[in-house]
Protein chains: 2
Amino acid sequence: MGKIRQGPQTWLYPMPTLLVGANVDGKANFMAVAWGGIANGEPPMISVAIRHSRYTLKGIRQNLAFSVNVPTCDMVTEADYCGLKSGAKFDKAAVCGFKVFYGKLDSAPLIEQCPVNLECKVVHILNLGSHALVIGRIEETHVSESCLTDGEPDVNKVKPFAFISGKARCYQALGDYVAKAFSIGKELKTGS
Amino acid sequence: MGKIRQGPQTWLYPMPTLLVGANVDGKANFMAVAWGGIANGEPPMISVAIRHSRYTLKGIRQNLAFSVNVPTCDMVTEADYCGLKSGAKFDKAAVCGFKVFYGKLDSAPLIEQCPVNLECKVVHILNLGSHALVIGRIEETHVSESCLTDGEPDVNKVKPFAFISGKARCYQALGDYVAKAFSIGKELKTGS
């Protein structure tokens, strides 16, 4: 199996589709972000990479607070719209029909229609080049009651979707169960 | 639709399943990581969260270099094994039958069987609490020739898989195409 060198690329699979929210000049705004991930376990933290010029970043700096909302497949049109338009010109929450609510923090707007919502307080903003890497401490988690199984989010009810970058750029749902985690690997013989 | 507050949780969907590699005391070692994401665009960077006690982190500190390898569904047993065992006790690359190669850097071991491989130089290591957030500049990208379409990785050939946390913890493949990105959102009427 041959390998082709492609130069430095931001190719990672799968990447999530997330809606990052902040109040900008007092009004809720949301942007689509694929470049994010959990950054720490105890305390729980998350990181999202945001281009410096983005309107949402202005609001994150104003409040040192933001939200991460996981959209469900039915919201793909709205999520994509939030990645196409700027809150500087459009009231994206209104156009998308988002029901905005607040939880523990009073400055991290949350989207009711998104099954999972994280409220975050900024702990670091790193300037890495084209983007700011915003690291937030997760202060509270909200889950839609209809998406819970045994008290935890059920991914088959949440129905999140991945963002596929490159020329093929598209959204893809989660698919088949592959294996039990922290389990199937035990089948490998270690010789000990 | 009611919301349930769950306290601070590391619940993000989807999260990737990645194999992070480093040479520890001169020997290639790999660990499974779900907490990672792209951290910057220009220059390309990636972040991975690693518990301080992990053997792989020792190697990342020794070399200030690491790799991120995207396993394919056929490698789920090996990927899970790399999350179960420590390189301090087992030669994981040997047990898994990984063909290890090196690219541009001489200290970031890559797995030939993984369709996508990123070579990274450390630019930051942040102590965030239980974990170190390792931020690396992506120096080179390798893609298996058999997984390319029009010169880019084809996610339907790469066949990456997500890690689903919580009680249900498992791996799930990518599934159905949902919509074209930077496109379907144009259907929303903005009233302007």
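It should be emphasised that the depicted structure is a prediction, and the values quoted were computed from it without experimental measurement.
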Let's test your reading of the structure: which of F182(B), F101(B), Y81(B) forms the most heavy-atom pairs below 4.5 Å with chain A? F182(B)
Among K167(A), E119(A), M15(A), H124(A), which residue forms the greatest number of heavy-atom pairs with chain B at distances under 4.5 Å? K167(A)
Backbone N or O of D154(A) within a donor-acceptor pair of the T149(A) side chain at under 3.5 Å? no
Counting heavy-atom pairs under 4.5 Å with chain A, which one of T17(B), N117(B), V48(B) comes out on top? N117(B)
Pick one of side chain, backbone, both or neither for L84(A), based on which atoms fall under 4.5 Å of a heavy atom in chain B. side chain
Count the heavy-atom pairs under 4.5 Å between each of Y177(B), F163(B), W35(B) and chain A, then report the option with the highest count. W35(B)
In the structure I gave you, are the side-chain heavy atoms of N23(B) and Q62(B) within less than 4.5 Å of one another anywhere? no
In terms of heavy-atom contacts, does NZ of K121(B) have more than 12 from other residues, nucleotides or ligands at under 6.0 Å? no
Below 4.0 angstrom, N of the basic side chain to O of the carboxylate: do R51(B) and E42(A) qualify? yes
Using a 4.5 angstrom heavy-atom cutoff, name the option from P16(B), S130(B), A49(B) with the most pairs to chain A. S130(B)
Which of E139(A), E187(A), K186(A) touches chain B most, by non-hydrogen pairs under 4.5 Å: E139(A)
Considering only heavy atoms and a distance below 4.5 Å, find which of K85(B), H131(B), K89(B), R5(B) pairs most often with chain A. R5(B)
Structural part of N127(A) lying under 4.5 Å from a heavy atom of chain B: neither
I need the minimum non-hydrogen distance between L188(A) and C96(B), along with the two atoms involved. CD1-SG, 3.8 Å
Could you tell me which non-hydrogen atom of V68(B) sits nearest to which non-hydrogen atom of F66(B), and how far apart they are? CG2-CE1, 3.8 Å
For chain A, the option from T10(B), L148(B), L133(B) that forms the most heavy-atom pairs under 4.5 Å: T10(B)
Over all atoms of both residues, closest heavy-atom pair of L105(A) and A108(A): CD1-CB, 4.2 Å
Give, as side chain, backbone, both or neither, the part of L126(A) having an atom under 4.5 angstrom from any heavy atom of chain B. side chain
So H142(A) and E112(A), do their side chains get closer than 4.5 Å, heavy atoms only? no
Would you mind telling me which of G37(A), P8(A), C120(A) has the largest number of heavy-atom pairs within less than 4.5 Å of chain B? P8(A)
Ignoring hydrogens, what is the shortest heavy-atom contact between N69(A) and C114(A)? Give both atom names and the distance. CB-SG, 3.7 Å
Applying a strict 4.5 Å limit to non-hydrogen atoms, the region of I164(B) in contact with chain A is side chain
Can you name the nearest heavy-atom pair linking A79(A) to F161(A), along with the distance? CB-CZ, 3.9 Å
Tell me, side chain or backbone of V155(B) under 4.5 Å from chain A's heavy atoms, or both, or neither? side chain
Would you mind checking which part of A39(B) comes under 4.5 Å of any heavy atom in chain A, side chain (CB onward), backbone (N, CA, C, O), both or neither? both
Using non-hydrogen atoms only, which part of V70(A) is less than 4.5 Å away from chain B: side chain, backbone, both, or neither? side chain
Against chain A, label E78(B) side chain, backbone, both or neither, depending on which of its atoms sit under 4.5 Å from a heavy atom there. both
Quick check on K104(A) against chain B: is it the side chain, the backbone, both or neither that has a heavy atom closer than 4.5 Å? both
